[in-house]
Each structure stands twice: as structure tokens, then as C-alpha cells.
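To start, the structure under review is shown below, and the notes come after it.
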Amino acid sequence: MGKDKFTIGIDYGTQSGRAVLVRLQDGMEMAEHVTEYQHGVMDVKLPHLDKALGYEWALQHPMDYLDVLRQSVPAVMQTAGVDPTDVIGLGIDFTACTILPVDENLEPLCFDPAFRDNPHSWVKLWKHHAAQEEANKLNELAGERGEAFLARYGGKISSEWMIPKIWQIVDEAPEIYKAADQFIEATDWVISQLTGELKRNSCTAGYKAIWHKRDGYPSADFFGSLHPAMRDLADTKLRGDVYPLGTKAGELQAEFAAAMNLSPGMAIAVGNVDAHAAVPAMGVVTPGKMVMAMGTSICHMLLGTEERTVEGMCGVVEDGIIEGYYGYEAGQSAVGDIFGWFVEEQVPAYVHRQAEAAGKNVHQWLEERAHAYRPGETGLLALDWMNGNRSVLVDTELSGMVLGLTLATKPEEVYRALLEATAFGTRKIVDAFHQNGVAVEELYACGGLPQKNKLLMQIFADVTNRPIYIADSIQTPAVGAAMFGAVAAGAEVGGYDSILDAAENMARVKEEVIQPIPENVEIYELLYQEYNKLHDYFGRGDNDVMKRLKAIRSQSERKLTLQ
Ligand SMILES: Nc1ncnc2c1ncn2[C@@H]1O[C@H](COP(=O)(O)OP(=O)(O)O)[C@@H](O)[C@H]1O
Ligand SMILES: O=C(CO)[C@@H](O)[C@@H](O)COP(=O)(O)O
């Protein structure tokens, strides 16, 4: 048997970057290291300037991304003690849509003293929501013009995505728009720094920049209808070919090889997105298996063989997750955050005391007690829209609800109803795909929640009536990125020729599978029908009370500030 070979994956999150060194033969994680971003999320001011950023702004510093390369990669190399010549590939995944303007030499405009005082020259993070006005106008215009691309994004382009963000720059800082040679995703920028050339990836282009494998970007006519300056956007500032995931972006340049303790010339994969990289890391490379990245929110990913229109999906992109398939994405905008809100804001002091005395955190204490109830026994039913509805209804104006409260209701009962509500929300998404010809037979869960709450996972299996496989790694996206690094290297040097081969050898899920319990499935079917009625009643216009309440609240807020 030959010498072990390795690959590196880096997961760029919102606050930090995490590197893992993975063994190619079996996907074993040999070492991991986290580098917190020195500048974190810049949502108040720029580092060097005491001037407030606007409402809903969220920027980042490109240098923080390079620090992850310089700190975390040598750290994993040192911990694992492997020979640099045995590391054959590197891949990364990133939050998205996280973009920056660069000059002809791929230097961020924010590094240029002429532009650095202008916040629009910096990286706009995925959760920069200050381009909402542009997103609304874009959706309206695209609707009026009957643009075919809208259907591929469930009928709405998000303010988080590339085109609204660029349009905000055109509106508010035309000099930055003019000076930018290109706008690129941060994931593509980091790869360009490693290889010396820019290669855009199909995942961010497809999901975040309205690019289509066959049709390309929207027409010049459409871009021109947004703003005359944007007419030639696709051919100029978004120019260049788009490459499928797993493509070799290039070879590692000497400067970074030295800084990272790796061999120059090593294969580097094109960039990727965090949630999407997790799919092959769980061994999912064929249709029928829905991957859920479960944490504060849930991102649902699914493969199909045809491009279908599914109500409220975030997007469908050919080659967007696994080459050769249509990748579908959907999501719930709050899940763990709902449980976190309940624990922090709604639980009486005696629960905190008893949990502490039992040596448990409040989630664990509530889970244990909630577990004692049978489905339906609480008499409660909740709607999981505490942060709006991201998929199926796509409406941020909706809000949460708990029905069936009595004077005897216990905190653990409400906790259970909230767990169930998030499972009903996922069931709605599963049904939307399954009933529209994109089959969902099994669920795969990664992220923090599956490790933290067993009851939640059982409820998800019972409500969806599907088995759930759980990731065997807490760094699932980074492992996926490492797998794409192995594909970029290729089998000739000890990597893999396709992501299918890499997944077969490197992907890992836990042995224990969570199976639906038939008697629970039966009761949850009844409860889901009730959830569905509430969902449509409050979500599809029968009763817009949630929106009216929000309107009344903002009127009252205004009166209060005027007094
Ligand atoms: N035992 C638990 N059961 C359910 N939810 C939990 C539990 N512990 C923490 N949470 C919630 O999980 C979320 C964090 O999940 P995690 O996957 O670690 O985060 P992220 O989405 O930021 O990667 C928080 O919203 C928190 O409220
Ligand atoms: O939007 C996507 C993926 O499509 C994410 O990158 C973005 O929501 C950030 O997710 P995380 O908070 O890093 O889990």
C-alpha cells in the first residue's frame, strides 16, 4: 500500500475560517484549526474611520481571509505532522453572496488609499441587507418584463445576492462602480490569490448572480433597464467563463506555498459555498436525498435530473452542487434561533434553577421533559415564522404563533411545539419538491443541531415520515471542500477523478439512522394537516392579520418617537 495522501478544506464562515486536513483514502480528519477574523463583521464603522455605516450594512476585511490561510493551514500541517509533498489538493467553501470590487490586478479596491474611505469599496458580506430597495425594484422590473429567470429563484431575487448589491454601488457610489474592473465573490477572490488567476465557480454564479449554464446572465436589455451604467455588466465587470465545482482553478503560487507550509504547484479547486459543499461530504451525489444544514437556520439542498419550478425555492442551478445534476436550494430562516429565543426570553426562573441544579443547560432540561410527551399530547400547534418565511411563501412580513395555550401549559410543552413547528416547516418544503417531481426519499442532517437535540431529529423523522442520516463530522462543509480539492488534484497524483469517487471513499455519516416511528407518523399527519390550514390561512392572504399587526406596530413606534 502506498503512502497516505492528504487534502485540505477551508470553511470560511461569518466570524472565522476553519481549516481541516483530511486523509484521502478514508476521509479521516487528521487536524483542524480555527482563525477568528480580526475585523469580524464590520456593521458599525470601517476599521480606520470614525464614520457610521448605514442601517443593515455588513462588511468584511479581505485581509482576514488571507490570515486564515497563513495561520490555520500551517497549524493543521504542524498538528498532523505530515510531509507537504503528501498534501495534493486544497478547496474552500464560503458564505455567499459575499462580494468585493477589484482592480485589473485582482487587488481589492478597499486596499487602494484613493478608495478605502468609501465603504462601497469593501467586501459586502452575505448578510449586508442594505440593498433591499434595489432588490424590490429588480423583482418588480423582472416581473413586468416577464423575465424567465425569476421562476428559477422561486419568484424573488434576494437583497443578499450579487445584482442588488452591485446596483446599490451604482446608486450610491458610482465612482466605485466605475473604478471596479470586476465584481467577484470572496470565494473566487481567495482562490485567485492562491493561483494568480480568476476562475469563477458555477455555484455562486448560479445561486447568487443569476447566471444560467445555457442562458448565461440576464440580458444587457434587462441590466440596462435597472440602470444605464449596468447595461454591459455581464460582459465587463462579471466577465469570464464559469467553471463547474471540482474544476482545478490552478496551481498554488510560491508565495502562499511558503506561508502555508505547502508545496508550490499543488492543485487548487474553484471556490464553493458552505452549505453546498456539505452535500458530497455526507455522501449525497444522487437525487432523492435532501441534505439539511441545521443550525440557527436550515439550508435544504437536493439534486434532480431536470430543471423544475418549485414554489418558493431559493434556486435551481445546473452543476450548482454536483456536476451533472440540477442542484436545488430551499431554506427556513429561523430554527435553532427559535429555540434559543424561547430559552432566553420565555422560560421562567425555576426552569433555569432546576436545569443548573441538574447540571444541564436549559435546552437539554426542556428536551428531556418534552420527550416524555406523546405527539399531540401538549394540545399545542405553532407556526415557525419568528424570522419570516424563506421558502414556499417567501415572505419576511410573516410572524410566529402558538395556538392552544391554557393556564396549565408548561414551558417544556411550548418547547416541544416549537420543535414540531420547525419540522412542519421542513415537511412543507419536502412536499413542495416531492409533489413537483423532485423526489425526496431520505434526509441527511449536518450542522450543530443534530448533535445537540435527539428529540428534534426524531420529530423531523416522524413528521416527514423519512429516515434521517446524521453527519459524522462537525466540520462537514470543510470536509466537502477538501474533497473538491482532491478532485482538482485528480487520481493520477492520488486524488480522485470525480466528486462521486471522492464521496464514495471519504464521506462519512453516523451508523445510527433515525427511523420514523409509525404511531407517531400517524398522529403527526393529523397535526400537519392542521398546520397546513394555519399556514395557508395566515400565509396566503385569507387573513393578513400578521401584516396588519406589523403595520400597526410601526405606526405606534412612529407616534412614540414623535411625542
Ligand atoms: N440543545 C439544543 N437544542 C436545540 N437547539 C439548540 C440547542 N443548543 C443550542 N441550540 C440552538 O442551536 C443554534 C446554534 O446551532 P449551530 O449549528 O451551532 O450554529 P450555526 O448555525 O451558527 O452554525 C442556536 O440557534 C441555539 O439557540
Ligand atoms: O446563503 C448561504 C448559502 O446559500 C450561506 O452562505 C449564508 O446563509 C451564511 O450561512 P452561515 O451563517 O455561515 O451558516
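Everything numeric in this text was worked out from a predicted model, so none of it was measured. Order of listing sets the numbers, starting from 1, for every ligand and every atom in it.
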Applying salt bridge (Lys or Arg N to Asp or Glu O under 4.0 Å) to E306 and not counting sequence neighbours gives R308

Can you tell me if N139 and Y153 form a side-chain donor-acceptor pair at under 3.5 Å? no

Applied to residues 448-460, the salt bridge (charged side-chain N to carboxylate O under 4.0 Å, His left out) test, sequence neighbours excluded, yields K454-E512

At a 4.0 angstrom heavy-atom cut-off, ligand 2 is contacted by T14, T95, A96, W126, K208, V273, D274, H276, E329

Practice item. With the side chain counted from C-beta on, respond yes when M401 and W385 share a heavy-atom pair under 4.5 Å apart, and no when they do not. Key: no

**Asked** Which word best sums up how the rings of W365 and Y350 line up, parallel for under 30°, tilted for 30 to 60°, or perpendicular for over 60°?
**Response** perpendicular

For L69, does its backbone N or O pair with a side-chain atom of S72 as donor and acceptor, under 3.5 Å?
no

Only one of H363, Q346, R369 passes side-chain hydrogen bond (donor to acceptor under 3.5 Å, both in side chains) with Y415, and that residue is H363

Tabulating one pair per line, provide the atom names and distances (0.1 Å) for every N/O atom of ligand 1 that is less than 3.5 Å from a protein N/O atom.
residue, atom, partner, partner atom, Å
ligand 1, 3 (N), Y415, OH, 3.4
ligand 1, 3 (N), N453, ND2, 3.0
ligand 1, 15 (O), K452, NZ, 3.3
ligand 1, 17 (O), G448, N, 2.9
ligand 1, 18 (O), K452, NZ, 2.7
ligand 1, 21 (O), T296, N, 2.8
ligand 1, 21 (O), T296, OG1, 3.2
ligand 1, 25 (O), G336, O, 3.0
ligand 1, 25 (O), D337, N, 3.2
ligand 1, 25 (O), D337, OD1, 3.2
ligand 1, 27 (O), G336, O, 3.0
ligand 1, 27 (O), G340, N, 3.4

Scanning both residues in full, the closest heavy-atom pair of M42 with H39 reads CG-O, 3.6 Å

A cation-pi test, strictly: NZ or CZ of R416 under 6.0 Å from the centre of the six-membered ring of Y373 and no more than 45 degrees from its axis. Yes or no? no

